[in-house]
Amino acid sequence: MLDKTYRPGEVEGRHYARWEADGAFACGQRPDGAPYTIVIPPPNVTGSLHMGHALNNTLQDILIRYHRMRGRDALWQPGTDHAGIATQMVVERQMEKEGLTRHDLGRDAFIERVWRWKDESGGTITGQLRRLGASCDWSRERFTMDDGLSAAVRKVFVDLYKQGLIYRDQRLVNWDPLLHTAISDLEVEQREVQGHMWYFKYPVEGRPGTFVTVGTTRPETMLGDTAVAVHPDDDRYKDLVGATCILPIQDRPIPIIADEYADPEKGTGAVKITPAHDFNDFEVGRRHDLEMVNVLDRDARMNDNVPDHYRGLDRYECRDALVKEMEGLGLLERIDDNLMMVPYGDRSGVVIEPWLTDQWFVDAATLAKPAIEAVEQGRTVFVPKHWENTYYEWMRNIQPWCISRQIWWGHQIPAWYGPDGTVFVEHTEEEAAAAAERHYGEAAVLSRDGDVLDTWFSSALWPFSTLGWPEKTAEVARYYPTDVLVTAFDIIFFWVARMMMMGLHFMGEVPFHTVYIHALVRDERGQKMSKSKGNIIDPLELIDGYGADALRFTLTAFAAQGRDVKLSAGRVEGYRNFCTKLWNAARYCEINECRPDPGFDPAACRLTLNRWIVGKVLEAGERAAKGIESYRFNEAAAALYQFTWGTFCDWHLEFARPLLQGDDAAARDETRAATAWVLDRLLALLHPIMPFITEELWEHMGEGRETPLIAASWPVLDPALIDPAAESEMDWVVRLISEVRAVRSEMNVPPSAHIPLLHRDASAETRARLDRHRDAIASLARISHVEPADDVTRGAVQVVVDEATYILPLADVIDVSAEKARLEKEIAKLDGEIARFDKKLANRGFLEKAPPEVVETERERRDEAAHARAKLDDAVERLSAAL
RNA sequence: GGGCGCGUAGCUCAGCGGGAGAGCACUACGUUGACAUCGUAGGGGUCGCUGGUUCAAUCCCAGCCGCGCCCACCA
């Protein structure tokens, strides 16, 4: 016997362990089924489950479980990401408490320590994904720094290098002065900061009293200025082009050049050029072959290229001192307030400096071309489609991708340098040595490049590296390309775009045919969850409090396309109640001995009720299937919620009660079997969204059943099981009962009072229906008996359903004038409707241009309304006559 | 500066060319043993504003107003 309420904590772990132990998540179980593959967006090993993960993985699990039930050979490929900078920071912070830096340990020992940390603590998130119910094939779990995936990284690097698509270059990069590494453009976030604009006067050589005024937001960088630029068409400066300024403080002559970069509209029209510390100036410097004077060191302190009194100062200390000095020299014209965007490192949170260094780059523009075409041609589609614009915008303006990082945790770049600096890029040290020997004609001492690769470099290979590539594995052949990638928009550039590029380049095929971009999860006020705001809702707390299924259903129900999910515990509580409802429906079935009967044939049902509910559950399943397949998860959830609560529980179980408890054995047995069959189907339909409670009920309801629900088949709609006649009849019963309930409530008839239901003008068909559903109507509308009305008794309430009028004799209970008013209100409402229909039907444009079937339904509706109105008129008349 | 999304019941949101919907909240009544984590009934909306297209617009188009987000080199 089922408990009175569902206790998720007691069943979730048990079912999950059994699924995993039985290999229910494993791919390859259905070799005849077409493969269906999703690769998980690998969470950082440092991570713990947050709401974003919960939503992301719930949706993937729904897709995987659904397609598995539909007979596909489903593979959900799991794994984690080594998260270079993030992980290194975690371990370094730990060491800080011991007073150690990574340099104290040395590279090898430090990396060993990170591995130890990973082995001990890196499994947190995969454990939490299990709590959520994620049916990943854990036997295939991968880590981006596994041997196989590392081999893939090396091969990709070497190949791209040899194809000229990876190169080493000295250029400006985003330098993080805290972490001491370059980072990519994407890892920089711009923050609005209230700053200043300083206007400095630079004396012009050989023209005493002549100055060029330049504006700058970064005064300290003037020490690295190597030119002043003006626009070639700017008349104000025409005669100064070609002249030379004396850079104050440094006393360095710098040319005044003409370049279109200078904007006459901005500032003074003259702009200082610091090629080593500004991305635009860098380009200007390259065009004019200007000297690049680097004035900062790796900590963003002033280096030896500045006067003694500034050396070693932090750039901001230097700024203050320098402005004072310029002012003392009489070369500070003025200072304006200036709102500006300042770059910050997304990991370190410190201001990023453009800094001139040697780094490795990927020629992203070349790789992007096929990736753009693939989307243009629809070989990969984004859902919702508008995200394709975001993808295009970035891909069409893509910049070289800086992939080297000056940290230790990650894939070390497979490049070795000879004594003269010649670089050898090979898969192994041995191959590099061999290459060097060929190059030099003798063995040479090589030193390996110390940098590691951007974490996203290995993530970009994830859809095929996890399948065993570059080995020619059966998995690569079978499961690549994958089907759908499920992710949030914030990593379209970081990850999706790069997988597209690498997948197309190395596999010759797109990595996935669909990219489903889901919403972000926010707090109930719509704010992004963050530690600093303290508004984080922990999915694990919700799982503990309400069960994983309630959380999953909530996320699914709110996962409408194009809108963020605003989450609160209250919402989850609502869906916990839904779990309870389902649980109790099963309890009802158990109490009434509705047991699954393998011999039951739904097509052989004789009772209208059963024919109806069989069709209904399959229709609900059809809507759910459509929702899942079109990534409208909220629609799938809504269809199932509505059916479960609004149809199965509210109506079917109530209708079934008199049959299940009645004397007609044939009717009772059929209803038992049909109800059990429908519940079984319902559990299957709900399983992808709510795997735990459905598996528990499946097991409980069908004792001795061999197949667990996770391995059962999705109930497919058989059109032969839809009976329109049954549907229209049950619809009529529902309407009749609802009408009676409504007037009873309106007339304040006590629920305990059983009253007769009289009818007039009822057709033979209606009388047959009244007879067939007598017990259900009696119990649900609290009716004592049903009979034709010979005469209207005084004090009767009347309702119209289709052709018939129903009379509830309520002498002494009702107020006749109130009843008359009620009827007249109904009539007025119908009159409004009729007038609207008439107007429409009198419109020639409508009659001529609207589709005939639309005109026809409008006519029918008009007639129905008019008919009901006439019935109500009669009712009013009878009421008056009775007075 | 460019791009995207959103403004529908008190709240959170579905719907998106032909009869305004759900959940929660609210009000009234209620235990007829699956369920009070419940049942029955009810109130509540000029579908942001203004034009246009159409026989017909909450839905399509344009403009405006108000929110939010992404990208961008503005000295």
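Small disclaimer: the values here were computed from a predicted structure and weren't measured. Labels below follow one simple rule: chain letters A, B, ... track the order of the sequence lines, proteins then strands, and each chain is numbered from 1.
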Chemist: Applying a 4.0 Å non-hydrogen cut-off, can you work out what A/C649 is touching in the nucleic acid: base, sugar-phosphate, or nothing?
Modeler: base

Chemist: Taking the P atom of each, how far is B/A22 from B/G45, in whole Å?
Modeler: 15 Å

Chemist: In whole Å, what is the span from the CE atom of A/M690 to the P atom of B/U37?
Modeler: 18 Å

Chemist: Contact class for A/E856 (heavy atom, under 4.0 Å): base, sugar-phosphate, or nothing?
Modeler: nothing

Chemist: Please give, in whole Å, the distance from B/C73 P to A/H231 NE2?
Modeler: 20 Å

Chemist: Considering only atom C1', compute the distance from B/A9 to B/G43 and round it to an integer number of Å.
Modeler: 11 Å

Chemist: Which atom pairs link the protein and nucleotides 27-32 of chain B when you take only N or O atoms and keep those under 3.5 Å?
Modeler:
from  : atom 1 : to     : atom 2 : distance (Å)
B/U32 : O2     : A/R782 : NH2    : 3.1

Chemist: Using purine N1 to pyrimidine N3 plus N6-O4 or O6-N4 for Watson-Crick, or N1-O2 and O6-N3 for G-U wobble, each under 3.5 Å, what pairs with B/C67?
Modeler: B/G5

Chemist: Between B/G51 and B/C74, how many Å separate the two P atoms, rounded to a whole number?
Modeler: 40 Å

Chemist: Assess the pair A/Y641 and A/Y575: is the distance between their ring centroids shorter than 6.0 Å?
Modeler: yes

Chemist: Side chain of A/N338, backbone of A/G195: donor and acceptor closer than 3.5 Å?
Modeler: no

Chemist: Taking the basic N atoms (NZ, or NE/NH1/NH2) and the acidic carboxylate oxygens, is any pair closer than 4.0 Å for A/E864 and A/R861?
Modeler: no

Chemist: Which residues pass the side chain to side chain donor-acceptor pair (under 3.5 Å) test with A/N174, not counting sequence neighbours?
Modeler: A/D185

Chemist: Can you check whether A/R576 has a side-chain N or O nearer than 4.0 Å to OP1 or OP2 of B/U37?
Modeler: no

Chemist: Side chains of A/S568 and A/K566: is there a donor and an acceptor less than 3.5 Å apart?
Modeler: no

Chemist: Side chain of A/F493 only, please: which of B/A41, B/C38, B/C71 is the nearest?
Modeler: B/C71

Chemist: Between N or O atoms, less than 3.5 Å apart, protein on one side and nucleotides 11-15 of chain B on the other: list the pairs.
Modeler:
from  : atom 1 : to     : atom 2 : distance (Å)
B/U12 : O4'    : A/R571 : NH2    : 2.9
B/U12 : O2'    : A/R571 : NH1    : 3.1
B/U12 : O2'    : A/R571 : NH2    : 3.2
B/C13 : OP1    : A/K566 : NZ     : 3.1
B/C13 : OP2    : A/K566 : NZ     : 2.7
B/C13 : O3'    : A/R563 : NE     : 3.0
B/A14 : OP1    : A/R563 : NE     : 2.6
B/A14 : OP2    : A/R563 : NE     : 2.5
B/A14 : OP2    : A/R563 : NH2    : 2.8

Chemist: Is A/R735 salt-bridged to A/D802, cutoff N-O under 4.0 Å?
Modeler: yes

Chemist: From the options A/E333, A/K201, A/R334, select the one residue that forms a side-chain hydrogen bond (donor to acceptor under 3.5 Å, both in side chains) with A/T213.
Modeler: A/E333

Chemist: Between A/A742 and A/N280, which is nearer to the 5' end of RNA chain B once each is assigned its nearest nucleotide?
Modeler: A/A742

Chemist: Taking the same atom, P, in B/G21 and in B/G44, what whole-Å distance lies between them?
Modeler: 13 Å

Chemist: Does any nucleotide pair with B/G21 by Watson-Crick or G-U wobble geometry, both distances under 3.5 Å, and what is it?
Modeler: B/C13

Chemist: Identify which nucleotide among B/G39, B/C69, B/A75 has an atom closest to any side-chain atom of A/W645, counting heavy atoms from C-beta outward.
Modeler: B/G39

Chemist: Tell which nucleotide pairs with B/U27, taking only Watson-Crick or G-U wobble pairs whose two distances are both under 3.5 angstrom.
Modeler: B/A41

Chemist: Is the phosphate of B/A75, meaning OP1 or OP2, less than 4.0 Å from a side-chain N or O of A/N338?
Modeler: yes

Chemist: Would you call A/R315-A/E220 a salt bridge at under 4.0 Å N-O?
Modeler: no

Chemist: Considering every strand shown, what is the Watson-Crick or G-U wobble mate of B/U53 when both distances are under 3.5 Å?
Modeler: none

Chemist: Closest to the A/E393 side chain: B/G2, B/C73, B/U37?
Modeler: B/G2

Chemist: Check every atom of B/U40, B/A41, B/A75 against the side chain of A/D650 and return the nucleotide holding the closest atom.
Modeler: B/U40

Chemist: What nucleic acid atoms does A/G267 come within less than 4.0 Å of, heavy atoms only: base, sugar-phosphate, or nothing?
Modeler: base

Chemist: Salt bridge (Lys or Arg N to Asp or Glu O under 4.0 Å) for A/E833 and A/R836? Distances and angles first, verdict last.
Modeler: CA-CA 5 Å; A/E833 277 178 36; A/R836 227 179 44 237; 5.8 Å; no

Chemist: Rounded to the nearest 0.5 Å, what separation is found between the CD atom of A/E393 and the CH2 atom of A/W387?
Modeler: 11.5 Å

Chemist: Please list, chain by chain and in numerical order, all residues satisfying side chain to side chain donor-acceptor pair (under 3.5 Å) with A/D775, sequence neighbours excluded.
Modeler: none

Chemist: When we call it a touch if two heavy atoms are under 4.0 Å apart, what does A/T217 touch: a base, just sugar-phosphate, or nothing?
Modeler: sugar-phosphate

Chemist: Calculate the interatomic distance between A/D3 atom CG and B/G33 atom P; express it in whole Å.
Modeler: 21 Å

Chemist: For B/C55, does either OP1 or OP2 sit under 4.0 Å from a side-chain N or O belonging to A/K839?
Modeler: no

Chemist: Can you measure A/F648 atom CZ to B/G39 atom C1' for me and round it to whole angstrom units?
Modeler: 17 Å

Chemist: Is there a donor-acceptor pair under 3.5 Å between the side chain of A/T221 and the backbone N or O of A/R218?
Modeler: yes

Chemist: In whole angstrom, give me the gap between the C1' atoms of B/G39 and B/U31.
Modeler: 9 Å

Chemist: Any ion pair linking A/R859 and A/D863 (charged N to carboxylate O, less than 4.0 Å)?
Modeler: no

Chemist: Could you tell me how far apart A/N577 (CG) and B/C35 (P) are, to the nearest whole angstrom?
Modeler: 15 Å

Chemist: Look at all strands and tell whether A/G269 reaches a base, only sugar-phosphate, or nothing, counting heavy atoms closer than 4.0 Å.
Modeler: base

Chemist: Taking atom C1' in both B/U8 and B/C13, what distance in whole Å separates the two?
Modeler: 9 Å

Chemist: Which residue, A/V188 or A/T5, contacts RNA chain B at a nucleotide closer to its 5' end, judged by nearest heavy atom?
Modeler: A/T5

Chemist: Is any side-chain N or O of A/K4 closer than 4.0 Å to OP1 or OP2 of B/G33?
Modeler: no

Chemist: Looking only at atom C1', what distance separates B/G48 and B/G5, rounded to whole Å?
Modeler: 16 Å

Chemist: Within the 4.0 Å heavy-atom criterion, would you say A/D263 contacts the bases, only the backbone, or no part of the nucleic acid?
Modeler: base

Chemist: Please give the distance between the C1' atoms of B/U50 and B/C65 as a whole number of Å.
Modeler: 10 Å

Chemist: For A/R571, what residues pass the salt bridge (charged side-chain N to carboxylate O under 4.0 Å, His left out) criterion, not counting sequence neighbours?
Modeler: none

Chemist: Taking the side chain of A/T216 as heavy atoms from C-beta outward, which of B/A75, B/C55, B/G42 is closest to it?
Modeler: B/A75

Chemist: Scan every strand shown for a Watson-Crick or G-U wobble partner of B/C73, both distances under 3.5 Å, and answer none if you come up empty.
Modeler: none

Chemist: Considering only side-chain heavy atoms of A/R587, which listed nucleotide, B/U37, B/C4, B/C35, is closest?
Modeler: B/C35

Chemist: Please tabulate, one pair per line, each protein N/O and nucleotide N/O from nucleotides 17-22 of chain B that are separated by under 3.5 Å, including the distance.
Modeler:
from  : atom 1 : to     : atom 2 : distance (Å)
B/G18 : O2'    : A/K840 : NZ     : 3.2
B/G18 : O2'    : A/E858 : OE2    : 3.3
B/G19 : OP1    : A/R861 : NH1    : 3.3
B/G19 : N3     : A/R861 : NE     : 3.3

Chemist: From A/M701 CE over to A/R595 CZ, what is the distance, rounded to the nearest 0.5 angstrom?
Modeler: 9.0 Å

